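Order of the sequence lines sets the chain letters (A, B, ...), proteins ahead of strands, with each chain counted from 1. The structure presented is a predicted model; accordingly, all values stated were derived computationally and were not measured.
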Amino acid sequence: MRDQSLVFGEWLSIFHFCAWAAQRFVFCKAERLKMGGDDSGMESDDFDWNSEDDREIENFQSSSRLSVPNGDAVTGSGEASSSPGSSNSKVLDHFVAMGFSQEMVSKVIQEYGEENEAKILEELLSYSALESSPQPQQQIEPDPSSSEYAGSSWDDLSDADISSSSDEYGKVVSENVVTLRSLVKMGYKQNEALVALERLGPNSSLEELVDFIYAAQKAKAEDTLLPPEEKLQYNDYKSNKRRFYELEVLGRKKPRGCEKKIICEDDEEALHLPNPMIGFGVPTESDFITHRSLPDDAVGPPYFYYENVALAPKGVWQTISRFLYDVQPEFVDSKYFCAAARKRGYIHNLPIENRFPLLPLPPRTIHEAFPLTRKWWPSWDPRTKLNCLQTCIGSARLTDRIRKAIENYDGDPPESVQKYVLDQCRKWNLVWVGRNKVAPLECDEVETLLGFPRNHTRGGGISRTDRYKSLGNSFQVDTVAYHLSVLKEMYPNGINLLSLFSGIGGAEVALHRLGIPLKNVVSVEKSEVNRNIVRSWWEQTNQKGNLIDMEDVQQLDGERLEQLISTCGGFDLIVGGSPCNNLAGSNRVSRDGLEGKESSLFFDYFRILDLVKNLTTKYR
DNA sequence: AAAAACATGAGGGGCACG
DNA sequence: CGTGCCCCTCATGTTTTT
């Protein structure tokens, strides 16, 4: 049972969210006018996002689909108290205009005074939540993790600095509140509404928000969460293609006799990881898929290529896939390309015929990759592949402990010691470098395993710790290059690349090693050392093209993109592996899923991709 | 001040077995 | 089908060392 204080707490967090969103989203009317001006059929597809232009804010009010009836009444929290005499009816009118009952508003104003609109809003929201929530029992989460899930991220949000008291701030708050209220009135949970509004922006239409929530529900919901009639609405979704994918690509056998379970047959089903994890095929295995059909919306140009960890929390890949035009992910383990495992999912709209690998093929066992370890490798260590290369390495003291644990014995150590050593070796990816001596991989060894040139991340003031971190967050170049290889014959004169979350430039290196000329590369990467690494590589490899680097994907708005596109002549490929922090299993602290602090930047990948797609089709 | 070392499991998939 | 066991995971926050 959910008690009232909990509900109220959630509404509190909603308010904090609104404040946070007000800061985060600055509205972009100019873009909408520009794009919608020629009426080129982009009504509900044009997402409006950040812009820092003030005049755009001015225009926001009139353009909003979910308009505030009386904008003038919406004042910043600081202003309301300045003229108490006349503001009583004004404040009351304002909240009534937002859709609250006059009775309720005056009651709350009586109780709390009218000088603190924020407080009034809180109260109104909590009251109306209790009153109008259509199916309160439905908000009981059978899955206890779900509420925690959202809870932690909202805590983050409420920590956000909400000192802004500008006018647009007030508008944004009320705008969001109205939208949220509408959604809750429609029967959606606050959490879902919040997430949707956060992702799509306050300017988005109700339809878009509802659509988003559907997607999220589909990804998350268990059978028991939703009443059957609501779920039936999802069932027209892709059943044929999904089935084809499961049968043909994932090698999945559809068990007979489950026709009864119509409801959960397709969408509710968890995405199955292929075994072996070879996607549409890898150079070293005979199993291949040579054809797939893409959803119409996904067909390029431009081509896009998205990457993230395969073992994300449940529902994440379904959501990602749904945003990326329903293209099904290709799950590939890089252990088929090199000596280290790296299970990743890739969503792209590239052709998959006539792929070819980078040559020479890298060694695919530890012994081949590190011949010197063979001499010291004990017979009781059966590993032939390394585990996933992560962002941290084992410490020197750990390897010392292991040495001491072993050297007490003449022959093979007892099984318990073997177990301990093996566990540690697997956990930290240690290799044998001497008698009773294990060691973590060196930076340059990691570089080689991942397909980068040696010393790619070396120098320029980067610490060893940070090198491991940057490398651990990177692509495996051979794997990505194999997928991108189909571009070579399509673009003999080179490509224009938009590289988001570039990191140390895995995509750039892959294309370069494929022999695909890079004409213009726009590289967006937050970390300065990483940008330096890419810049340095760019100069060392005598690139003929032009490298433009930027810091923040969130600053890449429609205006900026249009500029870039007009100077570059359009992007042929948009690559991005968005942050996995909140998805990766190694994260004990904040594995919050796609809504996590960093991983939610996926939605910026989608936003930018969608913008480029629209701009590309528009100008061609 | 910066770099390195350390402490901190949950969550799922795969598999064998009954 | 369920259950138990094995295994793996693009990490974060704090403390210690350099």
Checklist outcome for this item: Between CG of A:L389 and C1' of C:dC10 the distance, given in whole Å, is 9 Å
Touch check for [X], heavy atoms < 4.0 angstrom, all strands: base, sugar-phosphate only, or nothing?
X	answer
A:N473	base
A:R397	sugar-phosphate
A:K419	sugar-phosphate
A:R464	sugar-phosphate

So, OP1 or OP2 of [N]: does either fall under 4.0 Å of a side-chain N or O from [X]?
X	N	result
A:T465	B:dA4	yes
A:N587	B:dA10	no
A:K427	B:dG9	no
A:N275	B:dC15	yes
A:N387	C:dT9	yes

Item to check | Pair pattern of DNA chain C in dot-bracket, where unpaired bases get dots and | marks partners in another strand, Watson-Crick or G-U under 3.5 angstrom | outcome: |||||||||.||||||||
Checklist outcome for this item: Ranking B:dG13, B:dA5, C:dT9 by distance to the side chain of A:C388, first place goes to C:dT9
Checklist entry - What's the closest nucleotide to the A:K314 side chain, out of C:dT9, B:dG13, C:dT12? => result B:dG13
Next on the checklist: Please report whether the ring centroid of A:W317 lies less than 6.0 Å from that of A:F331.
Outcome noted: yes
Item to check | Results of side chain to side chain contact (heavy atoms under 4.5 Å, CB included) for A:L372 - residues two or more places apart only | outcome: none
Checklist entry - Which pairs with one or both residues in residues 376-400 of chain A pass salt bridge (Lys or Arg N to Asp or Glu O under 4.0 Å), sequence neighbours excluded? => result A:D381-A:R383, A:D400-A:R403, A:D400-A:K404
